[in-house]
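Just so we're clear, the structure is a prediction, and the values are computed from it rather than from any experiment.
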Amino acid sequence: MSDIPKVIDDASELRAFMAGVADAPFLALDTETTGLDPLVDKVLLIQIGTASRQALVDAQALTPEELTVLIPDEQTLVMHNASFDLKMLAGLGLPIAKLANASVVDTMLTEQVLRNGRQSELSNGRVGLNILAERYAGMTLDKSVRGAFTAMNHISEMGEAELRYAQRDVEATWKVFATQLPMIKSSGLLRTIALEGRACWSWAEMERRGFPIDSEAWKALVTSASDTRKEKRAALDEAFSEVAPRDLFGQCSINYDSDQEVLRYLGMLGLELQSTREQKLKDTGHPAALALIAYRTYQKIVSTYGESFLEHVHAQSGRLHPRFKPIGAKTGRASSSEPNLQNIPNGSEFRGCFRPSGDRKLVTADYSGAELRILAEASADPVFIQTFCEGGDLHSIVASQMFQTSVSKSENPELRSRAKAINFGLVYGMGAAGLAAQIGSSVDDANRLLDRYFRQYPAIRGYLDNSARAAIRNGYAETLAGRKYWFIDRLRKGDDEHSLARMAKNMPIQGTNADMAKLAMARISRAFANRHLDAFLVNMVHDELVVECAGACVDEVREIVVGEMRSAGAEFVTKVPIEVEVNVGDYWSH
DNA sequence: GAGGCACGCGCC
DNA sequence: AAACGGCGCGTGCCTC
C-alpha cells in the first residue's frame with residue numbers, strides 16, 4: 001500500500017467501509033492512543049481492516065454510538081494485546097454490552113499459547129507485534145514512531161509517517177493472524193485460544209475499573225507493623241548482643257536484611273546454617289533465630305505492603321489498577337503486577353482494607369478444593385470420585401483408609417493433617433523428602449506413608465506417573481482443556497528430569513484450574529453486561545473471583561457468579577461436582 | 001547509577 | 001544443599 005489512506009471522520013463513510021469488508025472472515029483492529037491509561041489518555045485513531053483494505057478512523061470526530069459499528073455482530077475482531085484496546089475503547093465510551101459481546105482473538109496470547117514453553121529458539125519468547133510481523137508476514141514495523149503519539153492532542157497532528165505506521169500495524173495484525181490460523185487448527189489449541197480471547201474483556205474491565213482500597217486504613221496497618229518491627233529489632237539486638245558490632249553510639253549495626261551478615265553472626269552464636277529461610281531457623285530453636293523470624297514477619301509487611309504499595313493508587317480513581325498478564329505462567333495461570341493483587345496477606349486485616357464506597361458490595365467467590373477435584377477427574381480414582389460426589393471430607397476419608405481408624409476434623413486430627421499434606425503435596429509432584437519436611441517426620445517414615453497411600457489409591461499414582469511419562473515422551477504436558485506446555489527446550493537444555501517430572505505432574509492440574517477460572521470470568525462479565533447490572537470483576541486470585549456491585553443487585557450478582565463458576569468448571573470436570581464458596585460483604589473476605 | 005541475579009517470602 | 005508446582009516484589013550484592 002503506497003497511498004496514504006484518508007482518515008475517516010464521518011459516520012456514513014465508516015458504515016460504508018464496514019459494509020465493504022463485511023464478508024471478510026475476520027477483521028483486525030488496533031488503536032493509537034496518547035498513553036496507556038484509559039482513565040487519562042485519549043484514543044486518537046482506531047484502525048480496522050484486512051490485509052488489503054484498512055480504514056483509519058478519527059476517534060474524536062465520531063460519537064461513541066457512531067463508533068459501535070466498528071464492533072461487528074458476526075465477524076471476529078483480531079487484536080494484538082486485545083485487553084489494552086478494549087479498555088481504551090471502553091474509556092472512550094463505546095457501549096459496554098457491545099464490547100463485552102465482541103468475538104475476540106488476541107494474536108499475542110495466541111502466540112503464547114502456540115509456543116508455550118518452546119520459545120527459546122525464536123526471539124527468546126518475545127511476542128511483540130513487530131516480532132510476529134517480521135516472522136509471519138515479512139513486515140518491518142518501526143515502533144519508534146509510536147512515541148510521537150504521546151505528545152499529541154489531536155489526530156490532525158499526525159504526519160504521513162504516523163499514519164502509515166498506524167495503517168501497517170493493523171495490516172500486520174491481520175496477516176499475523178492469517179498465518180496463525182492454520183497453526184491453531186492443526187495444533188488442537190483452538191479451544192484454549194478461544195478461551196483466552198473470550199476472557200480479554202474481563203481483564204480489560206479489571207484493569208480499567210480498578211480495585212477499591214481504603215488507603216487510610218492501609219496506612220494505619222503499616223504504621224502499626226512498623227512499630228512492631230522496631231520492637232522486634234530491639235529484641236534481635238538483644239539476642240545478638242554478645243557478638244554484635246557497635247557503631248559510634250554503641251548501637252548494634254547488624255543489617256538483619258542481609259542474609260550474608262545474618263549467617264555470619266549466627267555462626268558466631270554457634271549456629272552453622274547454609275540458609276536463613278524460616279524453616280531452617282525454626283529447626284534450630286535458638287532464641288536469636290526465632291527473634292529473626294519474628295522480625296522478618298513485620299519487615300515483609302513494611303517493605304512489600306508498605307507505603308510504596310499505595311503509590312499504585314490512581315490519582316483520579318483512588319483505586320488500584322494492576323496489570324494482569326492473562327498467561328503469566330506457563331501452566332496457563334494469570335499473574336498480576338503493579339501492584340500484585342494476588343499475594344495480599346490472607347487471614348490478616350489487610351484484605352479488609354479493600355472496600356468499595358457507599359453501599360456497594362464485594363462478592364468474593366472461590367472454587368473449593370478445585371485442584372483435588374481436578375485430580376479426581378483426571379485420575380478417575382473411585383474413592384476420590386465417590387467422596388466428592390457424596391460431599392464427604394476427602395482428607396478424613398483418606399486418613400481413615402490409610403490408618404485403619406476413624407478420622408474426622410475432630411477425631412484424630414493429626415492423622416487427617418498428614419493425609420491432607422499428602423493430598424496437596426501430590427499436586428506439586430512432592431516426594432518423600434518434601435513430605436517429611438512438611439509433616440516433620442523422618443524420610444523413611446514419609447516413604448512408608450507414601451507407599452501406603454499409593455497402595456490405597458493406585459489410580460492416583462498411575463495418573464501422576466503417566467503425566468510425567470507422557471510429558472517426556474510427547475515433549476509436552478496438557479490440561480483437560482488441551483492447553484499445552486512444551487518441555488522440549490528444557491529437556492535439551494539438560495534441566496533436571498525429576499524437576500521436569502514434577503512440573504509435568506502439576507501443570508495439568510494447576511492449568512485446568514486456570515482454564516475453568518478464565519472461562520467463568522468471561523461468562524460472568526458478559527452476563528453482567530447483558531443484564532445491564534452495575535457489577536464488574538475487580539480481582540482474580542487463581543481460583544477466586546472478586547466482584548464489585550451495587551447493593552441493590554447483590555443477590556442477582558451472587559447467583560450469576562456462583563452459577564457461571566460452577567458451569568464453567570463442569571466444562572472440564574464431569575465426574576465430580578465443582579463447588580463454589582461465596583461471601584458477600586462490605587470488604588474483601590472469604 | 002543502572003541492570004541482573006539470588007534469596008526469602010507473600011499468595012494460590 | 002536441597003530434595004514441592006506457579007507467580008511478583010523488596011533487599012542485598014555484584015558487575016559494568
Side-chain angles (χ1 to χ4, degrees), chain A residues 116-117 225 254-263 272-281 283 292-293 295-309 311-312 322-348 350-351 366-372 374-375 421-439 443 446-447 450 464 467-468 471 477 479 485 496-514 517 539-545 588 590:
Chain A
N116 195 22
I254 299 176
N255 180 356
Y256 298 111
D257 299 325
S258 163
D259 299 328
Q260 277 184 16
E261 267 186 59
V262 165
L263 283 175
E272 295 291 342
L273 295 178
Q274 283 75 41
S275 151
T276 70
R277 70 181 55 179
E278 184 174 346
Q279 189 57 51
K280 292 287 154 202
L281 294 172
D283 290 345
L292 183 60
I293 293 172
Y295 163 80
R296 284 237 182 103
T297 304
Y298 296 92
Q299 163 62 12
K300 175 72 177 178
I301 292 172
V302 174
S303 57
T304 303
Y305 306 105
E307 299 282 334
S308 62
F309 189 90
E311 285 170 16
H312 291 108
R323 295 156 57 112
F324 283 100
K325 278 191 215 167
I327 307 176
K330 296 288 195 291
T331 56
R333 265 196 189 171
S335 70
S336 150
S337 62
E338 301 170 71
N340 183 358
L341 290 183
Q342 296 179 320
N343 71 342
I344 305 299
N346 204 347
S348 72
F350 281 88
R351 294 201 177 193
D366 61 294
Y367 283 117
S368 73
E371 294 195 323
L372 288 174
I374 292 164
L375 179 59
I422 300 180
N423 283 335
F424 281 126
L426 289 177
V427 169
Y428 301 143
M430 182 186 65
L435 178 61
Q438 181 70 37
I439 64 177
V443 175
N447 250 319
L450 281 177
L464 292 171
S467 284
T479 68
Y485 176 7
D496 174 42
E497 277 215 23
H498 291 99
S499 164
L500 291 179
R502 286 192 296 271
M503 282 194 286
K505 289 174 182 176
N506 175 254
M507 183 273 173
I509 299 170
Q510 185 183 124
T512 301
N513 197 354
N539 198 7
M540 91 87 84
V541 190
H542 310 306
D543 61 358
E544 170 183 352
L545 302 180
W588 184 19
H590 284 285

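Residue A/E371 is classed as having no contact, given no heavy-atom separation below 4.0 Å to the nucleic acid. Using a 4.0 Å heavy-atom distance criterion, A/N255 is classed as a sugar-phosphate-only contact. Within 4.0 Å of A/K325, counting heavy atoms only, lie sugar-phosphate atoms of the nucleic acid but no base atom. When heavy atoms are screened at a 4.0 angstrom cut-off, A/Q438 is found touching base atoms of the nucleic acid. Counting non-hydrogen atoms under 4.0 angstrom, A/S499 reaches nothing in the nucleic acid. Residue contacts shown for A/I344 are limited to sugar-phosphate atoms, with no base heavy atom under 4.0 Å away.
A straight line from CD1 of A/I301 to C1' of C/dC9 spans 15 Å, rounded to a whole angstrom. Here the P atom of nucleotide C/dC7 and the OH atom of A/Y485 are 7 Å apart, to the nearest Å. Atom pair A/W588:CH2 and B/dG10:C1' shows a separation of 12 Å (rounding to whole Å applied). To the nearest angstrom, P of B/dC7 lies 19 Å from CD of A/Q299. As rounded to whole Å, 12 Å separates atom C1' of B/dG10 from atom CD of A/Q342. The distance between atom CG of A/N343 and atom C1' of B/dG10, rounded to the nearest whole Å, is 5 Å. In this structure, A/L435 places its CG atom 16 Å from C1' of C/dG5, rounding to the nearest Å. As a whole-Å value, the separation of A/I327 CD1 from C/dG6 P is 16 Å.
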>> Using the rule given for side-chain contact (heavy atoms from CB on, under 4.5 Å), can you reason through A/F324 versus A/N539, listing the C-alpha separation, both sets of side-chain angles and the distance that settles it, and then say yes or no?
In response: CA-CA 10 Å; A/F324 283 100; A/N539 198 7; 3.6 Å; yes
>> Evaluate A/Q299 against A/D257 for side-chain contact (heavy atoms from CB on, under 4.5 Å), listing each step before the verdict.
In response: CA-CA 9 Å; A/Q299 163 62 12; A/D257 299 325; 3.6 Å; yes
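Of the listed nucleotides (B/dG8, B/dC12, C/dG8), B/dG8 has the atom at the smallest distance from the side chain of A/R296. Between C/dC4, C/dA2, C/dG8, one nucleotide has an atom nearer to the side chain of A/K280 than all others, and that is C/dA2. Counting only heavy atoms from C-beta on, A/Q260 has its side chain closest to C/dC13 among B/dC12, C/dC13, C/dG5. Picking from C/dG6, C/dC4, C/dC9 the nucleotide with the shortest atom distance to the side chain of A/K300 gives C/dC9. Distances were taken from every side-chain heavy atom of A/R351 (C-beta onward) to each of B/dC12, B/dG10, C/dG6; the shortest belongs to B/dC12. Listed nucleotides: C/dA3, C/dG12, B/dG10. Nearest to the side chain of A/A433: C/dA3. Among the nucleotides C/dG5, B/dG10, C/dG12, the one closest to the side chain of A/P345 is B/dG10. Distance from the side chain of A/S308 is smallest for C/dG10 among the nucleotides B/dC9, C/dG10, C/dC13.
With hydrogens and angles disregarded, a donor-acceptor distance shorter than 3.5 Å links the side chain of A/S303 to the backbone of A/K300.
Side-chain to base pairing of A/R333 with C/dG6: one donor and one acceptor N or O lie within less than 3.5 Å of each other. On a pure distance criterion of 3.5 Å, no polar donor-acceptor pair joins the side chain of A/E544 and the base of B/dC12. With hydrogens and angles ignored, no donor-acceptor pair under 3.5 angstrom links the side chain of A/N340 to the base of C/dG8.
Between A/T276 and B/dG8 there is a side-chain N or O to OP1 or OP2 distance below 4.0 Å. Distances shorter than 4.0 Å separate none of the side-chain N or O atoms of A/S337 from OP1 or OP2 on C/dG8. Taking side-chain N and O atoms only, A/S258 has a distance below 4.0 Å to OP1 or OP2 of C/dC13.
Comparing A/Q274 and A/G431 along DNA chain C, the residue whose closest nucleotide (by nearest heavy atom) sits nearer the 5' end is A/Q274. Of the residues near DNA chain C, A/S336 and A/R277, the one whose nearest nucleotide (by heavy atom distance) lies more toward the 5' end is A/R277.
Relative orientation of the A/Y305 and A/F309 rings is tilted, given thresholds of 30° and 60° on the angle between their planes.
Distance check on atom C1': C/dA1 versus B/dA6 gives 15 Å, rounded to whole Å. Nucleotides C/dC4 and B/dC5 place their C1' atoms 23 Å apart, quoted to the nearest Å.
Contacts of A/L263 classified as side-chain contact (heavy atoms from CB on, under 4.5 Å), with partners at least two apart in sequence or in another chain: A/L273, A/T276.
Around atom OH of A/Y298, no more than 12 heavy atoms belonging to other residues, nucleotides or ligands sit under 6.0 Å away. Residue A/R323 qualifies as open at atom CZ: its count of foreign heavy atoms under 6.0 Å is 12 or below.
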